[in-house]
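One-based numbering along the sequence shown. Predicted, not measured: the structure shown is a model, and the values here were computed from it.
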Amino acid sequence: MNPTTHPRVGLIGIGLMGHGMAKNIAEKGFPLTFLRRRSMPDAGNDLVTLGGKAAATPREIAVASDVVILCVTGSPDVESVCFGANGIAEAARAGLIVVDTSTAEPTSTATLRERFAALGVEFVDAPLARTPVEAELGKLNTMVGATDDSFAKIEPVLKAYCENIFHVGPPGAGHKVKLMNNFIAQAICAATAEAFAAAVKSGVDPKQLVRVVSAGGVNSGLFQAMAKTLDGDMGGVKFQLDNARKDLRYYTHFTESMPLTSWMGEAVHQTLVQACAMGLGDGLVAELVTAAERVNGVKITP
């Protein structure tokens with residue numbers, strides 16, 4: 001990779017987050033190749049207008065790129081695009097860098113890193129925080145697990161779509177920090193939904209609870225996003241409930257692998273599992289309030 005020129009960037013996964021990332025990468029002057037989604041053949045036409053080129057397979061992406069960014073759902077998807085048929089590994093070469101921005105299982109990340117290293121490819125974990133809104137604005141957060149050398153190589157690319165870049169440790173540290181971050185986030189959301197149910201069932205107006213929490217140290221952006229459900233707004237936390245369930249499953253696998261006791265992690269995970277079992281998984285995280293209503297026989301939302 002020539003440090004005096006923009007590296008060629010490939011992006012696999014132009015969904016809600018990936019589209020904004022790809023747009024900003026192209027707008028910042030990086031030669032972009034993206035994977036065209038078969039189910040959405042017109043997706044990415046705006047990226048072509050910005051100079052991006054569409055490819056049909058992950059292998060084609062790897063051939064055309066110095067840095068390949070993955071923005072897919074989870075570990076099975078990452079493993080497939082890396083080592084499946086027509087995967088990145090088929091075009092592996094020394095100097096290629098693969099950056100996984102998904103929320104993934106640390107054990108899978110470690111295995112992929114070792115397999116790629118044997119092919120001369122660097123595999124970096126750089127999962128994301130914030131929402132598709134910030135992705136479009138180029139203001140995501142990322143937590144990077146990488147050697148100092150690898151981090152220096154990819155930092156200019158990360159700056160194209162991130163406002164805050166945290167080099168949190170050696171390879172693997174990024175995905176571990178992301179799982180801990182998401183555990184804390186979903187614990188707040190699950191606890192808030194339960195507290196709203198407790199308020200209603202005990203005869204307290206949950207908006208009075210919001211007033212008290214808003215003025216103290218318990219307050220947070222996530223609490224305020226969940227509080228919007230009291231006015232019928234279920235879109236405050238723009239994250240799919242089933243993805244949250246998946247992330248907490250990864251977190252509990254992570255704690256078990258050490259091993260580490262995780263009473264809270266298991267409770268939050270099962271809260272999400274229960275909500276998804278009710279058929280709410282395609283909705284957003286605020287549907288935890290709907291689940292709390294059904295389980296407890298109360299009415300929280302208007």
Side-chain angles (χ1 to χ4, degrees), residues 1-3 6-15 17-18 21-22 25 30-35 55-128 142-162 165-179 246-247 250 253-254 257:
M1 189 183 306
N2 187 339
H6 280 327
R8 299 172 301 160
V9 178
L11 198 144
I12 298 174
I14 57 167
M17 296 287 274
M21 294 161 63
I25 288 167
F30 292 89
L32 173 71
T33 305
F34 63 93
L35 187 66
T57 68
R59 182 186 184 283
E60 291 178 28
I61 295 283
V63 169
S65 307
D66 302 304
V67 177
V68 178
I69 298 174
L70 312 180
C71 188
V72 294
T73 302
S75 290
D77 308 278
V78 175
E79 292 164 4
S80 176
V81 299
C82 287
F83 285 93
N86 290 308
I88 293 170
E90 293 185 10
R93 63 187 184 278
L96 179 65
I97 302 176
V98 178
V99 181
D100 181 13
T101 71
S102 67
T103 301
E105 295 217 53
T107 52
S108 174
T109 300
T111 299
L112 290 173
R113 186 170 60 249
E114 291 172 1
R115 293 182 69 183
F116 269 130
L119 300 174
V121 176
E122 297 178 67
F123 187 71
V124 173
D125 46 303
L128 307 167
T142 187
M143 51 222 83
V144 185
T147 63
D148 290 342
D149 182 60
S150 294
F151 179 74
K153 291 177 183 176
I154 66 170
E155 186 178 20
V157 180
L158 301 179
K159 286 181 176 179
Y161 59 85
C162 290
I165 301 169
F166 303 97
H167 186 190
V168 296
H175 279 152
K176 294 173 184 176
V177 170
K178 178 62 188 295
L179 292 182
K246 178 265 298 180
D247 288 358
Y250 286 177
H253 286 174
F254 167 56
S257 71

Check: Between T101 and M17, is any pair of side-chain heavy atoms under 4.5 Å apart?
Finding: no

Checklist line | Close side-chain approach of S150 to I154, heavy-atom, < 4.5 Å | finding: no

Next item on the list: Taking H167 for its side chain and A146 for its backbone only, find out whether a donor-acceptor pair lies under 3.5 Å.
Entry: yes

Next item on the list: Check the angle between the aromatic planes of F83 and F116 and answer parallel, tilted or perpendicular using the 30° and 60° thresholds.
Entry: tilted

Note to self: Could you measure the distance from the CG atom of L11 to the CG atom of L35? Nearest 0.5 Å is fine.
What the structure shows: 9.0 Å

Margin query: Contact between I12 and I88 at the side-chain level, heavy atoms closer than 4.5 Å - yes or no?
Written below: yes

Next item on the list: Please step through side-chain contact (heavy atoms from CB on, under 4.5 Å) for the pair L179 and T103, ending with a clear verdict.
Entry: CA-CA 7 Å; L179 292 182; T103 301; 3.6 Å; yes

Margin query: Check whether D100 reaches the backbone of D125 with its side chain - one donor and one acceptor, N or O, closer than 3.5 Å.
Written below: no

Notebook entry, point to check: Does Y161 reach the side chain of I69, with side-chain heavy atoms less than 4.5 Å apart?
Noted result: yes

Notebook entry, point to check: Do the non-hydrogen side-chain atoms of T73 and K246 ever get within less than 4.5 Å of each other?
Noted result: yes

Check: Shortest non-hydrogen contact from F123 to C82?
Finding: CE1-SG, 4.3 Å

Item checked: CD on E79 to CG on L70, rounded to 0.5 Å -> 11.5 Å

Check: Is the closest side-chain heavy-atom distance between T57 and E90 below 4.5 Å?
Finding: no

Next item on the list: Identify the two heavy atoms, one from V63 and one from R8, that lie closest to each other, and give their separation to 0.1 Å.
Entry: O-NH1, 3.9 Å

Checklist line | Least distance between heavy atoms, T33 atom then A64 atom | finding: OG1-CB, 3.8 Å

Check: If you look at every heavy atom in G18 and C71, which pair is closest and at what distance?
Finding: N-SG, 3.7 Å

Checklist line | Exercise: identify the closest heavy-atom pair between M21 and L128 | finding: SD-CD1, 3.6 Å

Item checked: Separation between CG of L119 and CD of E114, rounded to the nearest 0.5 Å -> 12.5 Å

Margin query: Nearest 0.5 angstrom please: R113 CZ to E122 CD, how far?
Written below: 12.0 Å

Note to self: Minimum heavy-atom separation for T142 and P127, please, with both atom names.
What the structure shows: OG1-O, 2.9 Å

Item checked: Residue pair D77 / S102, side-chain heavy-atom distance below 4.5 Å -> no

Check: How many angstroms lie between atom CZ of F166 and atom CE of M143, to the nearest 0.5 angstrom?
Finding: 7.5 Å

Notebook entry, point to check: Does K153 use its side chain to pair, donor to acceptor, with the backbone of I97 at less than 3.5 Å?
Noted result: no

Notebook entry, point to check: Quick check: does any side chain N or O of S75 sit under 3.5 Å from a backbone N or O of S108, one acting as donor and the other as acceptor?
Noted result: no

